[in-house]
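The chains referred to below are lettered A, B, ... by the order of the sequence lines, with proteins before strands, and numbering in each begins at 1.
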Amino acid sequence: MRNTFSETLYAEATANPDIYIVVADISPAGSMGKFSSEYPERFINVGVAEQSMIGIAAGLALKGCQPFAYTIATFSLYRPFEMIRDDLCYQNLPVTVVGMGAGVIYSTLGGTHHTQEDIAIASALPNMQVLAPCDPLECIEATRWCARQKNGPVYLRIGKAGEPVLTANAEPWQFGKLRYLRRGSDVCILTYGVITAMATAIADKLAAQGRSVSLVSAHTLKPLDRDGITTALQQHSHVVVIEEHAPQGGLASQVKQIAWDVRATCRLDTFTLQDAFIHNYGSTNDLLAAHGLSPERILATIG
Amino acid sequence: MTQASFDGKAARIRCQRYRRRILDISQRVSALHIGGAFSCTEIVDGIYNELMRKPGLSSPDTFLMSKGHGCMIQYVVLEELGVLTRADLDAYCTPHGRLGVHPDYGNPGIEASTGSLGHGLSMVVGMALAERGKRRDGMIYTVLSDGETQEGSTWEAVLMASSMKLTNIVAFIDNNDFQSLGRTSETHPSLYPLGAKFEAFGWETAEIDGHDSAAIVRAASARKGDRPLMVVARTTKGKGVSYMENAPIWHYRAPNKDEYAQAISELETQA
């Protein structure tokens, strides 16, 4: 997904001379290298200095530019948090903070590199908009939208590498709206981000069991599509939320709140990361399983 | 404006007038940061009235007040320039006003919201990069507090400005040697001499008396221009009113009626 992001941003920057990217010592892979060599004045590497990455992006935006701040998610959002709050959100500047490799993608690097709470933290900030594409194609849509919007700051949560295409036949992407990747009438799986691949496999298994399954990418976490979620709760007998995020303040807790508000009568199950630091190493799926997020466990619970 | 056309007496009269205006406001609202505003009065006056071209909303140059708690002086200068109105300042810190104790982006003449320390210089770096990227010749002026140099984020920006060869930055340190708990030089003796630190990080530096308006203009005008410039300005917190000078209580306090009368009388002798 990061290469897709870089390629899309490169294309946008070619069309718009106000697009800048401020990075914090990120490896210049693929199109990021092309960006830096063709537009050196608009590719700014602050080094290992994330606070100034955000402040510089704010300064660029204050002078009419459209900057992206980009590094691994824990460092792009957590390290410079007060700069994001004061410089970007308080001043409501159109800067996109890109959290790359969010969730537990950096599985072998340990808890310092896991981003388990970013949706809650970013969503709590006034003016902040939050996007989390589920595959490379959605990443293109989200990146383009970020490059062209002037509403205010965005936290763009993306994966790393190797994410499969899941949305080739989906409905069109629209900011702020749920996107059905497939429509059914019994079970509705609400999800977003990289774990959508696991949700897709679960949807396939349920369909093989004869269930009519909706699979939905909730790519815009803020503003969340409350009407769309209400409809999903009302039109399915069973709603399942699967997310690679802490139980507090993510999609799961928000869907529960909406369900209460609209007196939903469907069954509702949520599967999230634990409210815990898991000291395991291994693949991303190993880490997710250690948190309780595995197709087997989810299917056993909802089956 | 060039050094040759500098009028020292006019600057002195302006600064006296600004301090008096701040004292007047202090009789209505006690939240002022008066000590820190008085320490950088000559610096902010010098930037707006001597260094910036066409000071006001049409200036190609930019002033960002990194030490946001000193913004009273920025407000009164902007009022004289006609950017803020008398009504704006009269409504300072009131429910129907739009100006508060720290400067807020969105108000006329206020380029960024500051107040949380250590944010300003990074935004200055971004602004300077944008000016360069857009092939414009705008200068970016800023005033930092000496307390801000204790923030790590300030040094990230110091490093970036010189590494990126941002020759369009002129920064002043309002080195009044005070922070809330006492003398800055006692909190961190290792920071001193301050100018040498910026020099070591690749900045051109100058050290001046920060209440000498001529020296302020001279330092900026004489810069070589091949590096960002940091002017370390030695100042006195509460400058201009004897009982406020170097007394940390005036970081927050507003003078009572008798103190106000004494302050006005002292200022009148200085013009």
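When all heavy atoms of Leu60(A) and Gly126(B) are compared, the pair lying nearest together is CD2-O, 3.3 Å.
Comparing Gly47(A), Gly59(A), Ala49(A) by heavy-atom pairs within less than 4.5 Å of chain B, the highest count is held by Gly59(A).
To the nearest 0.5 Å, atoms CD1 (Ile56(A)) and CG (Leu129(B)) are separated by 6.5 Å.
Heavy-atom distances place no part of Ile54(A) under 4.5 Å from chain B, backbone and side chain included. There is no contact between Leu159(B) and chain A, counting heavy-atom distances below 4.5 Å.
Listed by sequence position, the residues of residues 71-85 of chain B in contact with chain A number zero, using a 4.5 angstrom heavy-atom cutoff.
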At a 3.5 Å cut-off, give me the donor-acceptor pairs between chain B and chain A, one pair per line with the distance.
{"residue": "Thr62(B)", "atom": "OG1", "partner": "Lys63(A)", "partner atom": "NZ", "Å": "2.6"}
{"residue": "Asp104(B)", "atom": "OD1", "partner": "Tyr90(A)", "partner atom": "OH", "Å": "2.8"}
{"residue": "Asp104(B)", "atom": "OD2", "partner": "Tyr90(A)", "partner atom": "OH", "Å": "2.8"}
{"residue": "Ser113(B)", "atom": "N", "partner": "Gln91(A)", "partner atom": "OE1", "Å": "2.6"}
{"residue": "Ser116(B)", "atom": "OG", "partner": "Glu82(A)", "partner atom": "OE1", "Å": "3.1"}
{"residue": "Ser116(B)", "atom": "OG", "partner": "Glu82(A)", "partner atom": "OE2", "Å": "2.6"}
{"residue": "His119(B)", "atom": "ND1", "partner": "Asp87(A)", "partner atom": "OD1", "Å": "2.7"}
{"residue": "His119(B)", "atom": "ND1", "partner": "Asp87(A)", "partner atom": "OD2", "Å": "3.4"}
{"residue": "His119(B)", "atom": "NE2", "partner": "Glu82(A)", "partner atom": "OE1", "Å": "2.6"}
{"residue": "Lys134(B)", "atom": "NZ", "partner": "Asp18(A)", "partner atom": "OD1", "Å": "2.8"}
{"residue": "Arg135(B)", "atom": "NH1", "partner": "Glu41(A)", "partner atom": "OE1", "Å": "2.8"}
{"residue": "Glu156(B)", "atom": "OE1", "partner": "Gln51(A)", "partner atom": "N", "Å": "3.3"}
{"residue": "Glu156(B)", "atom": "OE1", "partner": "Ser52(A)", "partner atom": "N", "Å": "2.7"}
{"residue": "Glu156(B)", "atom": "OE1", "partner": "Ser52(A)", "partner atom": "OG", "Å": "3.3"}
{"residue": "Glu156(B)", "atom": "OE2", "partner": "Gln51(A)", "partner atom": "NE2", "Å": "3.3"}

